[in-house]
There are 2 protein chains.
Amino acid sequence: MSLETPRVSSSAEEYLLTLYRLETSNERAGSSQLAKMFGVKAPSVTGMLRRLGERGWVRYQRYRPPELTDEGRRIAVRLVRRHRLLETFLVQFLDYSWDEVHEEVQQLEHTVSEKLLERIDIKLGRPRYDPHGDPIPGQDGRLPSHRLIPLTRLQEGGRAQVSRVDNRSRHLLTVLGEIGAYPGTSVTRLRTRRNGQLSLRVGRREIQLDGDIARLIWVKPNRAPVAMQARERGM
Amino acid sequence: MSLETPRVSSSAEEYLLTLYRLETSNERAGSSQLAKMFGVKAPSVTGMLRRLGERGWVRYQRYRPPELTDEGRRIAVRLVRRHRLLETFLVQFLDYSWDEVHEEVQQLEHTVSEKLLERIDIKLGRPRYDPHGDPIPGQDGRLPSHRLIPLTRLQEGGRAQVSRVDNRSRHLLTVLGEIGAYPGTSVTRLRTRRNGQLSLRVGRREIQLDGDIARLIWVKPNRAPVAMQARERGM
DNA sequence: CGCTAAAGTTAGGCTTGTCGAACTTAGCAT
DNA sequence: ATGCTAAGTTCGACAAGCCTAACTTTAGCG
């Protein structure tokens with residue numbers, strides 16, 4: 001019920017956000033894995049999950065991986081919005097590069113007021129995607145959706161637009177930054193040279209990428225793109 | 001010694017900052033007054049002062065008003081820098097008005113990284129004064145100094161530049177904002193009409209101010225400004 | 001299908017920061 | 001000079017987060 005902002009601590013917010021990210025990528029993590037992500041020890045995680053459970057933000061039973069409640073998810077989505085708007089702002093207005101922006105925002109996202117966030121949103125022209133191509137939830141929590149395929153599923157000779165780059169690999173971001181392959185860039189997939197490697201034309205340059213790197217790049221094909229779309233969920 | 005940033009909590013920072021502000025305006029406050037300022041009860045203040053004392057940031061003896069150590073003052077000045085840079089940024093880049101900016105920055109100043117602060121400083125062109133005309137300390141902690149007199153000491157007929165406006169009165173800021181009397185504006189003092197009131201010409205407008213309001217406005221006289229400069233410290 | 005190693009939890013302790021209730025001190029006013 | 005009141009402190013308690021050490025549960029492997 002509470003439309004009042006119900007005082008969520010920074011740590012609690014960080015937990016909910018992480019749980020949400022895991023949920024959307026269909027992963028699940030136990031206490032010790034979460035512990036690693038937060039840089040704390042496992043018992044701290046158990047304790048926090050218990051408290052989050054008491055507040056109704058997480059469904060938690062001992063020895064089971066935790067799940068967000070609707071309320072918890074709502075808080076998390078609000079945070080995703082903050083996070084992505086702030087990233088966009090830092091990149092566009094303060095010359096941050098897309099591979100250094102995450103850490104900074106990690107701090108800020110818990111502190112920035114609704115008012116400031118709104119001004120930033122306005123200043124940016126209410127963007128719908130962040131610098132990595134991730135969709136920015138609206139104030140109502142709705143996400144703009146787009147149908148994308150991983151670069152690895154683009155047929156040889158196919159042309160597509162880079163639309164989203166998984167931001168969990170700084171290495172990938174740096175590499176793509178160097179060749180200027182930001183969301184919006186057009187690429188053409190060339191004949192594959194050797195196994196595992198994948199060739200691309202970006203502008204007038206030609207580059208090779210490892211398969212497991214290429215899988216982190218999502219593209220919007222220009223037309224009739226893909227052989228076996230049915231199996232996409234599988235991976 | 002420690003050039004390492006020595007982990008100061010947000011609350012501790014807020015205390016040091018407040019103590020510094022009191023110090024520079026020659027006031028001193030006891031526990032219960034501090035308590036009111038922080039929205040906390042007196043015992044909490046005593047506890048915090050004790051901890052700040054243990055860390056060597058404050059000289060504190062029971063029943064005496066606390067004093068900053070050099071180390072404590074250094075931390076405070078760093079915060080003043082953050083605070084004023086952030087205020088300037090919000091006003092110049094995010095359309096904040098100078099009377100609403102303080103609250104926002106109160107949160108942010110403890111969270112923003114050195115890196116972000118540096119980018120903001122660059123973006124602003126390394127400003128030396130904030131929107132209220134308060135000097136922004138450099139990275140070395142030095143404050144640009146300027147000789148100013150309160151508007152009340154400007155002689156009748158005298159012309160001067162508004163240079164600093166005490167930002168502790170939102171009311172004053174709102175009033176001055178309406179007439180556009182920001183730092184940099186030229187004003188002329190007219191003959192005083194009645195006791196306590198003070199007449200000004202700002203642009204082609206003429207306004208009256210109460211004396212205790214006018215005392216919060218600091219100006220740089222254009223020439224041969226003032227009758228009895230000797231007593232300035234007294235008030 | 002039971003055993004064991006890994007994963008997870010409980011117990012107990014520490015720090016920061018908060019509070020209310022009860023006590024002490026300072027300093028003014030007679 | 002003394003005594004009273006307001007300001008300040010101490011005490012004990014609590015919540016959030018974190019830790020280590022010791023325990024329990026799960027689940028995979030033989």
Side-chain angles (χ1 to χ4, degrees), chain A residues 2 4-19 22 27-68 71-72 75-76 79 106-107 109-111, chain B residues 2 4-19 22 27-68 71-72 75-76 79 106-107 109-111:
Chain A
S2 61
E4 305 290 326
T5 316
R7 224 65 223 118
V8 194
S9 77
S10 297
S11 320
E13 283 187 341
E14 211 53 50
Y15 272 75
L16 295 175
L17 186 52
T18 297
L19 256 19
L22 288 169
E27 297 169 58
R28 52 195 54 218
S31 300
S32 57
Q33 237 179 310
L34 289 169
K36 261 174 224 150
M37 301 188 206
F38 296 123
V40 301
K41 295 298 158 64
S44 309
V45 173
T46 305
M48 181 57 101
L49 290 177
R50 196 176 40 66
R51 284 191 298 271
L52 293 177
E54 281 162 11
R55 273 167 197 70
W57 297 329
V58 156
R59 248 182 310 279
Y60 170 59
Q61 288 168 279
R62 339 215 278 335
Y63 301 104
R64 318 249 76 139
E67 282 173 32
L68 288 173
E71 177 69 7
I75 296 173
L79 268 158
Q106 191 99 4
Q107 302 300 319
E109 62 192 354
H110 308 295
T111 304
Chain B
S2 59
E4 305 289 328
T5 316
R7 223 61 224 120
V8 195
S9 76
S10 297
S11 321
E13 284 187 340
E14 211 53 48
Y15 273 75
L16 295 175
L17 187 52
T18 297
L19 256 19
L22 288 168
E27 297 169 57
R28 51 195 54 218
S31 300
S32 55
Q33 237 180 309
L34 290 169
K36 261 173 226 152
M37 300 188 208
F38 294 124
V40 113
K41 294 299 157 62
S44 309
V45 173
T46 305
M48 182 57 102
L49 290 177
R50 199 176 40 66
R51 284 191 298 272
L52 294 176
E54 281 162 11
R55 275 168 196 67
W57 298 329
V58 156
R59 250 182 310 280
Y60 170 59
Q61 289 168 280
R62 338 214 278 338
Y63 300 104
R64 318 250 74 144
E67 282 173 33
L68 287 173
E71 177 69 8
I75 297 172
L79 267 157
Q106 191 99 5
Q107 303 300 318
E109 64 192 352
H110 309 294
T111 305

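Heavy-atom basis, side chains included; hydrogens, waters and symmetry copies ignored. We name chains A, B, ... by the order of the sequence lines, and we start the count at 1 in each one.
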Can you tell me how far [atom2] of [N] sits from [atom1] of [X], to the nearest Å?
{"X": "B:Q61", "N": "D:dT10", "atom1": "CD", "atom2": "P", "result": "13 Å"}
{"X": "A:R64", "N": "D:dT26", "atom1": "CZ", "atom2": "C1'", "result": "9 Å"}
{"X": "B:R7", "N": "D:dC18", "atom1": "CZ", "atom2": "C1'", "result": "15 Å"}
{"X": "B:M48", "N": "D:dT10", "atom1": "CE", "atom2": "C1'", "result": "18 Å"}
{"X": "A:Y63", "N": "D:dT26", "atom1": "OH", "atom2": "C1'", "result": "9 Å"}
{"X": "B:R28", "N": "D:dA7", "atom1": "CZ", "atom2": "C1'", "result": "16 Å"}
{"X": "B:K36", "N": "C:dC19", "atom1": "NZ", "atom2": "C1'", "result": "18 Å"}
{"X": "A:E13", "N": "D:dG17", "atom1": "CD", "atom2": "C1'", "result": "15 Å"}

Hey, does [X] reach any base, or is it just sugar-phosphate, or nothing, if we go heavy atoms under 4.0 Å?
{"X": "B:G47", "value": "nothing"}
{"X": "A:V45", "value": "nothing"}
{"X": "B:F38", "value": "nothing"}
{"X": "B:R55", "value": "sugar-phosphate"}
{"X": "A:S44", "value": "base"}
{"X": "B:S11", "value": "sugar-phosphate"}

| query | Nearest to the side chain of A:K41 - D:dC19, C:dG20, C:dG27? | reply | D:dC19
| field | Closest nucleotide among D:dT9, C:dT9, C:dT18 to the B:V40 side chain | value | C:dT18
| note | Residue pair B:A29/A:E54 against DNA chain D: nearer the 5' end by closest nucleotide is B:A29
| request: Would you mind telling me which residue lines up with the more 5' stretch of DNA chain D, A:S9 or A:P43, judged by nearest nucleotide? | output: A:S9
| query | Ignoring hydrogens and geometry, is there a side-chain-to-backbone donor-acceptor pair from A:R55 to A:R51 under 3.5 Å? | reply | yes
Does [N] have OP1 or OP2 sitting under 4.0 Å from an N or O in the side chain of [X]?
{"X": "B:R62", "N": "C:dT24", "value": "no"}
{"X": "A:R51", "N": "D:dG17", "value": "yes"}
{"X": "B:R50", "N": "D:dT9", "value": "no"}
{"X": "A:Y60", "N": "C:dT9", "value": "yes"}
{"X": "A:S32", "N": "C:dG8", "value": "yes"}

If you define the side chain from C-beta out and look only at heavy atoms, does anything of [X] sit under 4.5 Å from [Y]?
{"X": "A:E109", "Y": "A:L17", "value": "yes"}
{"X": "A:L79", "Y": "A:V8", "value": "no"}
{"X": "A:M37", "Y": "A:L22", "value": "yes"}

| field | A:E27, CD atom: more than 12 neighbouring heavy atoms under 6.0 Å | value | yes
| note | Heavy atoms of A:V45 and A:S31 approach each other most closely as CG2-O, 3.7 Å
